[in-house]
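Have a look at the structure below before the remarks.
Quantities reported herein were computed from a predicted structural model and do not represent experimental measurements. Whatever order the structure lists them in is the order used to number ligands and atoms, beginning at 1.
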Amino acid sequence: MKILHIDSSILGDASVSRQLSKAIVNQLQAKNTAAQVDYLDLAEQTIPHLTAEILMGQNAEQSALGEQILQQYLDADVVVVGAAMYNFGLPSTLKAWIDRISVAGRTFKYTENGPVGLAGDKKVYIASSRGGVYGEQSPVDFQEAFLKTVFNFTGVSDIEVVRAEGVSMSDIKDQAITTALDQIAKI
Ligand SMILES: Cc1cc2nc3c(=O)[nH]c(=O)nc-3n(C[C@H](O)[C@H](O)[C@H](O)COP(=O)(O)O)c2cc1C
């Protein structure tokens, strides 16, 4: 089993989403000791924003990087994404990764019946952390909802969200993390 573990929080050891994503990977490894883990720390190694030059394949270095990122996503059996909510959405570093894995002909294609995902043979865990409390269906959640849409678009339907929310509120932060870790223990 190949696990792709991605973190994007800028807060290092103080990050809740990093704590949760690591706990998920540890749990998966405990269940499958042969699992291989590829790790991407997008705060440490940022992926350059997509440009027209990159999109058109006119930058050899970036084409090679894009192919590596895309192939790593395609090869993964399980993807674990640590996703902080920043300004109702994702860290821009994570969006830059998404821009490299959403590739026509590789992870999706358009047909007469609309778009079809081509990378559906994997499970995705979203380790979500946010300062406020939004729940499942908030109209201002452009973080989890966006991630789910993108992974669905590439064909993935098996998506599990592990969420700690309200972490900017000192009275509920610890309980939010405990609840998320309890969910992870059941994976
Ligand atoms: C730049 C920045 C923007 C943030 N924007 C929001 C926001 O829009 N809504 C919210 O509920 N919390 C927001 N927060 C709080 C984070 O979602 C919260 O601290 C979360 O735990 C971040 O994940 P992390 O602990 O993995 O870094 C923001 C935090 C930062 C640093």
Side-chain angles (χ1 to χ4, degrees), residues 2-31 35 37-51 69 72-73 76-102 122-154 156 158-187:
K2 283 193 177 176
I3 300 171
L4 174 57
H5 178 191
I6 300 171
D7 275 324
S8 55
S9 164
I10 56 175
L11 291 183
D13 289 344
S15 157
V16 176
S17 62
R18 284 173 183 267
Q19 182 185 349
L20 299 184
S21 72
K22 191 166 192 307
I24 294 169
V25 171
N26 287 347
Q27 179 72 2
L28 294 171
Q29 284 185 295
K31 297 229 154 166
V37 182
D38 270 358
Y39 183 56
L40 275 184
D41 187 336
L42 298 175
E44 287 290 320
Q45 285 193 300
T46 53
I47 296 166
H49 285 158
L50 201 56
T51 62
I69 292 165
Q72 195 177 39
Y73 177 64
D77 301 301
V78 181
V79 180
V80 180
V81 188
M85 177 185 270
Y86 289 163
N87 301 310
F88 305 101
L90 297 174
S92 58
T93 52
L94 188 50
K95 176 60 167 58
W97 177 81
I98 288 168
D99 287 343
R100 301 302 186 104
I101 61 137
S102 303
K122 60 179 95 268
K123 168 143 193 167
V124 172
Y125 291 92
I126 298 172
S128 163
S129 178
R130 38 220 201 163
V133 175
Y134 301 86
E136 289 277 343
Q137 304 261 324
S138 168
V140 297
D141 168 17
F142 303 103
Q143 173 216 18
E144 288 177 20
F146 175 64
L147 273 177
K148 282 195 230 167
T149 300
V150 167
F151 287 121
N152 272 157
F153 188 69
T154 70
V156 180
D158 191 358
I159 301 173
E160 182 170 342
V161 176
V162 176
R163 174 187 311 118
E165 62 179 356
V167 301
S168 296
M169 303 174 205
S170 55
D171 52 333
I172 59 173
K173 178 179 180 179
D174 289 350
Q175 186 55 51
I177 295 171
T178 300
T179 302
L181 293 175
D182 286 348
Q183 182 183 340
I184 292 167
K186 292 183 191 126
I187 288 173

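With a 6.0 Å cutoff to the six-membered ring centre and a 45° limit on the axis angle, Lys122 counts as a cation-pi contact of Tyr73.
In terms of protein heavy atoms, atom 15 (C) of ligand 1 is closest to Gly131 N, 3.7 Å. In terms of protein heavy-atom proximity, atom 25 (O) of ligand 1 is nearest to Val16 N, 2.8 Å. Here the protein heavy atom with the shortest distance to atom 21 (O) of ligand 1 is Ser129 OG, 2.6 Å. With hydrogens left out, the protein atom closest to atom 2 (C) of ligand 1 is Tyr86 CD2, 3.4 Å, a heavy atom. Closest to atom 17 (O) of ligand 1 among all protein heavy atoms lies Met85 O, 2.7 Å. Of the protein's non-hydrogen atoms, the one nearest atom 22 (C) of ligand 1 is Ala84 CB, 3.5 Å. The protein heavy atom nearest to atom 9 (N) of ligand 1 is Tyr134 OH, 2.9 Å. What sits closest to atom 5 (N) of ligand 1 on the protein, heavy atoms only, is Asn87 N, 2.8 Å.
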Task: Working for salt bridge (charged side-chain N to carboxylate O under 4.0 Å, His left out), residues Lys186 and Asp182 - done: CA-CA 7 Å; Lys186 292 183 191 126; Asp182 286 348; over 6 Å; no

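Looking at Ser8 and Tyr86, their side chains never bring a donor and an acceptor atom within 3.5 Å of each other. Residues Thr179 and Gln175 have side chains that bring a donor and an acceptor to within less than 3.5 angstrom of each other.
Considering backbone and side-chain atoms together, Gly132 places an N or O closer than 3.5 Å to an N or O of ligand 1. At under 3.5 Å, a nitrogen or oxygen of Phe88, whether backbone or side chain, sits near a nitrogen or oxygen of ligand 1. In terms of polar-atom proximity, Ser168 is not counted as a contact of ligand 1, lacking any N or O under 3.5 Å from an N or O of the ligand. Not one N or O of Arg130 is nearer than 3.5 Å to an N or O of ligand 1, by distance alone. Polar contact with ligand 1: absent for Val167 (N/O pair, distance under 3.5 Å).
Under a 4.0 Å criterion applied to the non-hydrogen atoms of Leu11, ligand 1 contributes the atoms 27 (O).
Between Gln45 and Leu40, the closest side-chain pair of non-hydrogen atoms is not below 4.5 Å.
Scanning both residues, Pro91 and Ala84, for their nearest heavy atoms gives CD-O, 3.1 Å. Minimum heavy-atom separation, Ala83 to Gln143: O-NE2, 2.9 Å.
Under the side chain to side chain contact (heavy atoms under 4.5 Å, CB included) test applied with Ile6, the options Asp41, Thr93, Val79 reduce to a single match, Val79. Of the candidates Glu144, Glu165, Arg163, Ser128 forms a side chain to side chain donor-acceptor pair (under 3.5 Å) with just one, namely Glu144.
When Ser17, Gly12, Ser8, Ala83 are checked for heavy-atom proximity to atom 26 (O) of ligand 1, Ser17 turns out nearest.
For Gln27 (side chain) and Ala185 (main-chain N/O), a donor-acceptor pair under 3.5 Å exists by modelled atom type.
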